[in-house]
Amino acid sequence: MPPSTEGGAYCFLHRSIRREATNYNKILINNLMSSYNPDKIESKWQQYWQSNKTFKTPESHDKPKYYVLDMFPYPSGSGLHVGHPEGYTATDILARYKRMNGFNVLHPIGWDAFGLPAEQYAVKTGTHPRDTTEKNINRFREQLQSLGFSYDWDREVNTTDPDYYKWTQWIFLKLYEKGLAYEDDVPVNWCPELGTVLANEEVIDGKSEVGGYPVIKKPMRQWVLKITEYADRLLEGLDELDWPQSTKEMQRNWIGKSIGAEIDFAVAAANASEHIKVFTTRPDTIFGATYMVLAPEHDLVNRITSDDQREAVEEYKQQAAQKSDLERTELSKEKTGVFTGAYAVNPASGEKIPVWVADYVLATYGTGAIMAVPGQDERDWEFAEKFDLPIIRTVEPPEDFVGKAYTGEGKAINSDFLNGLGVDEAKTEIIAWLEEHGAGKKAVNYKLRDWLFSRQRYWGEPFPIIHVDGEPKPLDEEHLPVTLPEVEDFEPTEDGDPPLARAEKWVKTTDPETGKPAVRETNTMPQWAGSCWYYLRYCSPDFEGGPVDFDEEKYWMPVDMYVGGAEHSVLHLLYARFWHKVLYDCGVVSTKEPFQRLVHQGMILGEMEFTGYKKDGEWISADLAEGVSGTERIKLQDERVEKKGDHFVVAGTDCMVDAKAHKMSKSRGNVVNPDDIVEQYGADSMRLYEMFMGPLEQVKPWSTKDVDGVFRFLNRVWRLMIDEDTGELNDTVIETDPSGEQLKVLHECIQKVTGDVDDLSFNTAISAMMIFINEAYKWDNHPKSVLQSFMKLLSPFAPHIAEELWQKLGNEESIAYADWPELNEEYLVSDTQMYPIQVNGKVRGEIYVPRDKAKDKEYVLAEAKSVENVAKYLDKGKLVKEIFVPERIVNLVVQ
RNA sequence: GCCCGAGUGGCGGAAUUGGUAGACGCGUCGGACUUAAAAUCCGAUUGGUAUCUAAAUACCAGUGCCGGUUCGAGUCCGGCCUCGGGUACCA
């Protein structure tokens, strides 16, 4: 994935309890030798898993499969931050859980390793991006392994590996073959000061993110992928996916399908052969079209502008061209435009209407021209009002309607043969009429643009394209991969050509087919390319006959669970779906959609911060401080703040403070480094805490002191079983038949954990395990069978401690493939049933009834009424109704 | 502006179909153990009122705000407010 916010080094002052303890006397140290020691057991089991290849993906297809995937990371220089392990822990729990439930699990990881930071570092230091990338990957791998994730490391993929990008290039050739890749002159973000092209994300307010230099649009020859051809299929495919509604909605909006009509308006000027084609979703309002607008970039502008208006139009075009996209929208409150001097004929009414140029019409959407219907369009109304153009309502607004343009439902008026029809009927009617008169037809439009697929960068996949006689020509498959050439300098050339142009020997080549001189394509692919299909490579990472072995794809795909950040809701997920559908059409894959279920983990924010404001040395309220000059922001410790009403105030005052958890960022200095947490508490605590914080998909503030809670829990688990003096099992851990109570507690835990893991409610699953341990501490014996079952429940969450204790309980095999405990509902039933007794909906008492009477309405009601505190209410009034919900509640209604 | 999501103790959160609001954890307070500290263990912890004190019990209010449906609403319906995310002249 493209780099997101990166973490920096952050040093924790909070020191480990275990570490501190080492300064104390010998006895203590001896004890510590047998106390819970994550350092020791975690490295032991990580080595065990690795040397035994415990998590090697099964080769056979004999069991049901489960493919659980993380969005692979961009290996940045700052290493993992605490956001990464959140999703990774969730998927790891699922992977381990499914293995124990008899699934063949594919749980891989890899590196989205092309990208800008390594290249920028190369520009600055001359270090080859390959070296930077390799170093970063090694760091990431180590960090991931230190968290005990059960990835199959034999299936690791790396987008920068020529053996991988060979197939990225191969897929590009398929796109080219199918006519889905073409060259076009496209305006790009060109920064003259930096002498480079910038990605949209690198341009902020029309200036370069780095240096703040102006950025202009400059047309350049670019590769473009025809994703628009798949717009409909990308839209329809969404329906069957188990994805967050909001993400599907965002993709739908992005594709932006709208159904309407294309209508031709004849130009009523001297040279009357011209037509203006418009797209509209409201053809029913055509009788209200009182003028037309062309985008400033529209081809027809020059041809139809009258001589006396030419100067004004030219000037307007100039102005519009200089505006950045942002300026255009920023100034949107005030509409601008110029009359062309030309008129067109409304094909429905036969009226002559003026044609204007205005930048509120976008050249890139629809036909770049509109029929303006101020009566039913707010923008048109605004424009018409400003330039005093006629307004005709063609839909009758409701009587109580107050406002300008009316865009709602209603009967057609002022519309000749459409009068009286509703909006939908009128649309159908007018489209038929237009088609009949050759003036228009039904049409569909999309917001989705074709995908600009080339970058003027070094660190990306080279295109498998040469140019012969100025024409692009694809290379044959046998010439793949086209590997990146070595260059001295990673910056663009002085002419603005991409860095690859510096590799002259590489660029100048010959056409292998004809022997003619040829030049190689010097653009590279964008970072999205590698991430568009990596999930397929995992199915058969060493396959040499194509991007993926069809049989493996057929078994493993689609991805059953895909977890990653919501920031990839549109682009990555849409591009990957697009490629997947193309590969489906090529017969490379058997599935129409790659990711069946998708979940976004919520962002982890920094620790809660309190900020107070002072002016002239006095506290002032935060809500008053904004915009007041000379205020001073002061970060406050927790104890200097107290809650008053709905908000927090500086202790002892009425001055409000800002209480907020902020996004982690280097500049704010609130980045938490997972390494520090692992060092202090161990990987199991880290995993457990990240899952215990709250629901996976929710945004949550980090709180290091809360890690103590899960760390204590693991200590309690350890001590329940292990005698700290001997390091052996406690005397209470014995081979014996569990009591009914013990079975009840265990099976309640089994039920809760199993259900919660299925629902991804990891936080409540952990809470259920805590309850189990709290209960188990009350027992004077601990049957091994019960503890074994509990260790299985714990193992997906805290695998190291689970393996260690599993072994201490006498098991020789890893717990990773132990059978998940089976729920026996019989054990859940207690001897008595408790009923809360309400009077008029308020709880006034509770009763316990024997199990065999639990559903006996007469009995329960009689018992209920005999409760002293209930009876006193019954005495006061008349019992009018009795509500009895079996095994739930009793409510007595008294008047 | 539009589209999504969320508002529950001092804090993170729980309550999966309308059925005892605050599980579990953090923090805080009190106690036990200890020469002492740490660790550990036990108890209390939404606010208020009443019963002489304590224990205990009872009652009232309480899930962003206002209203509704229901025997019963954190949960359902209508109208707002606040925060977060996305998107923005898309005809």
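Proteins get letters first, then strands, A, B, ... in listed order; numbering begins at 1 in each.
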Seminar exercise, completed: Among B/rC41, B/rG19, B/rC60, the one nearest any side-chain atom of A/Ile889 is B/rG19
Problem set entry | Complement of B/rU82, any strand, by Watson-Crick or G-U distances under 3.5 angstrom | B/rA6
For this session: Answer yes or no: does a side-chain N or O of A/Tyr873 lie under 4.0 Å from OP1 or OP2 of B/rA58?
Result: no
Problem set entry | Counterpart base for B/rA39, defined by Watson-Crick or G-U wobble contacts under 3.5 Å | none
Exercise. For B/rC59, which nucleotide is its Watson-Crick or G-U wobble mate, given both distances must be under 3.5 Å?
Worked result: B/rG48
Exercise. Taking the side chain of A/Pro695 as heavy atoms from C-beta outward, which of B/rC24, B/rG12, B/rA14 is closest to it?
Worked result: B/rA14
Exercise. Cut-off 3.5 Å, side chains only: do A/Thr407 and A/Glu378 have a donor facing an acceptor?
Worked result: no
For this session: Could you tell me whether A/Asn774 contacts a base, only the sugar-phosphate backbone, or nothing, with contacts defined as non-hydrogen atoms closer than 4.0 Å?
Result: sugar-phosphate
For this session: Show the numbers, then the answer: is there a side chain to side chain contact (heavy atoms under 4.5 Å, CB included) between A/Lys865 and A/Leu874?
Result: CA-CA 8 Å; A/Lys865 290 172 200 169; A/Leu874 297 178; 3.7 Å; yes
For this session: Take the protein atom CD of A/Glu385 and the nucleotide atom P of B/rC89, then report the distance between them rounded to whole Å.
Result: 21 Å
For this session: Please check the phosphate of B/rC3 (OP1 and OP2 only) for any side-chain N or O of A/Arg252 closer than 4.0 Å.
Result: no
Exercise. Could you give the distance from CD (A/Gln698) to CD (A/Gln601), rounded to the nearest 0.5 Å?
Worked result: 13.5 Å
Exercise. Roughly how far, to the nearest 0.5 Å, is CG of A/Asp759 from OG1 of A/Thr764?
Worked result: 8.0 Å
For this session: Please state how far atom CD in A/Gln601 lies from atom P in B/rG85, giving the value in whole angstrom units.
Result: 16 Å
Exercise. Looking across every strand, which nucleic acid part, if any, lies under 4.0 Å from A/Val885 by heavy atom: base, sugar-phosphate, or nothing?
Worked result: base
For this session: Please report, rounded to the nearest Å, how far the C1' atom of B/rU8 is from the CD atom of A/Gln698.
Result: 12 Å
Exercise. What distance, rounded to whole Å, do you find between the two P atoms, one in B/rG1 and one in B/rU69?
Worked result: 32 Å
For this session: Can you tell me the pairing partner of B/rU70 across any strand shown, Watson-Crick or G-U wobble, with both distances under 3.5 angstrom?
Result: none
Problem set entry | Spacing of A/Glu249 atom CD relative to B/rC3 atom P, expressed in whole Å | 11 Å
For this session: Determine the interatomic distance between P on B/rG85 and the same-named atom on B/rG19; round to the nearest Å.
Result: 33 Å
Problem set entry | Selection from B/rA91, B/rG25, B/rC60 that lies nearest to any side-chain heavy atom of A/Ser258 | B/rA91
Exercise. Nearest to the side chain of A/Lys660 - B/rU16, B/rC41, B/rG84?
Worked result: B/rG84
Exercise. For B/rC26, does OP1 or OP2 lie under 4.0 Å from any side-chain N or O of A/Arg712?
Worked result: yes
Exercise. Taking atom P of B/rG85 as reference, at what distance in whole Å does atom NZ of A/Lys248 sit?
Worked result: 24 Å
Exercise. Does a nitrogen or oxygen in the side chain of A/Arg844 sit under 4.0 Å from OP1 or OP2 of B/rC59?
Worked result: yes
Exercise. Does A/Met603 or A/Ala369 map to a spot on RNA chain B nearer the 5' end, using the closest nucleotide for each?
Worked result: A/Met603
Problem set entry | Nucleotide paired to B/rG25 in any strand shown, Watson-Crick or G-U, under 3.5 Å | B/rC11
Problem set entry | A/Ser246 side chain, from C-beta outward: closest of B/rA91, B/rC4, B/rG25 | B/rC4
For this session: Determine whether any donor atom in the side chain of A/Gln838 lies under 3.5 Å from an acceptor atom in the base of B/rG19, or the reverse, and answer yes or no.
Result: yes
Exercise. Touch check for A/Ile771, heavy atoms < 4.0 angstrom, all strands: base, sugar-phosphate only, or nothing?
Worked result: sugar-phosphate
Problem set entry | Pairwise P distance for B/rU75 and B/rC65, with rounding to whole Å | 11 Å
Exercise. Checking side chain to side chain contact (heavy atoms under 4.5 Å, CB included) against A/Arg282, which of A/Val373, A/Asp377, A/Val423 comes through?
Worked result: A/Val423
Exercise. Which nucleotide sits closest to the side chain of A/Asp706: B/rG12, B/rA91, B/rC26?
Worked result: B/rC26
Exercise. Among the nucleotides B/rA58, B/rC71, B/rA91, which one has an atom lying closest to any side-chain atom of A/Lys872?
Worked result: B/rA58
Seminar exercise, completed: The reported gap from CD1 in A/Ile766 to CE in A/Met693 (rounded to nearest 0.5 angstrom) is 11.5 Å
Exercise. How is A/Ser703 classified with respect to the nucleic acid when contacts are heavy atoms under 4.0 Å: base, sugar-phosphate, or nothing?
Worked result: nothing
Exercise. Looking at B/rC71, does its base get a donor-acceptor pair with the side chain of A/Asn891 below 3.5 Å?
Worked result: yes
Problem set entry | Lys/Arg cation over aromatic A/Tyr360: A/Lys335, 6.0 Å, 45° cone | yes
Problem set entry | C1' atoms of B/rG47 and B/rU8, separation to the nearest Å | 15 Å
For this session: Decide yes or no, distance alone: a donor-acceptor N/O pair under 3.5 angstrom between the base of B/rU16 and the side-chain of A/Lys752.
Result: yes
Problem set entry | Nucleotide B/rG25, atom C1' - distance to CZ of A/Phe711 in whole Å | 15 Å
Problem set entry | Integer angstrom distance from the C1' of B/rU82 to that of B/rA73 | 22 Å
For this session: Name the nucleic acid region contacted by A/Asn715, choosing base, sugar-phosphate or nothing; use a 4.0 angstrom heavy-atom cut-off, strictly under.
Result: nothing
Problem set entry | Whole-Å C1' distance, B/rG62 and B/rG74 | 11 Å
Problem set entry | From CA spacing to verdict: ring-ring contact (aromatic ring centres under 6.0 Å, His included), A/Trp702, A/Tyr689 | CA-CA 10 Å; A/Trp702 179 270; A/Tyr689 173 64; 4.8 Å; yes
For this session: Ignoring backbone atoms, establish whether A/Asn253 has a side-chain N or O less than 4.0 Å from OP1 or OP2 of B/rA88.
Result: no
Exercise. Is the base of B/rG9 syn or anti, where syn means the angle lies within 90° of 0?
Worked result: syn
Problem set entry | Residue closer to the 5' end of RNA chain B, A/Glu378 versus A/Met608 (nearest nucleotide) | A/Glu378
Exercise. Counting side-chain heavy atoms from C-beta on, which of B/rU17, B/rC11, B/rC89 comes nearest to A/Lys335?
Worked result: B/rC89
Exercise. A/Asn763 has a side chain; which of B/rC59, B/rG13, B/rC60 sits nearest to it?
Worked result: B/rG13
Seminar exercise, completed: Separation of B/rG25 atom P from A/Met693 atom CE, nearest Å, is 17 Å
For this session: Before giving the answer on ring-ring contact (aromatic ring centres under 6.0 Å, His included), spell out for A/Phe884 and A/Tyr835 the whole-Å C-alpha distance, their side-chain angles and the decisive distance to 0.1 Å.
Result: CA-CA 10 Å; A/Phe884 172 74; A/Tyr835 275 98; 5.7 Å; yes
For this session: Would you kindly say whether A/Thr367 and A/Glu262 are connected by a side-chain donor-acceptor distance under 3.5 Å?
Result: no
For this session: Taking atom C1' in both B/rU17 and B/rU87, compute the distance separating them and give it to the nearest angstrom.
Result: 35 Å
Problem set entry | Nearest listed nucleotide, side chain of A/Lys705, among B/rC71, B/rG27, B/rU17 | B/rG27
For this session: Take atom CZ of A/Arg716 and atom C1' of B/rC41, then tell me their distance rounded to the nearest Å.
Result: 9 Å
Exercise. Using purine N1 to pyrimidine N3 plus N6-O4 or O6-N4 for Watson-Crick, or N1-O2 and O6-N3 for G-U wobble, both under 3.5 Å, which nucleotide pairs with B/rG1?
Worked result: B/rU87
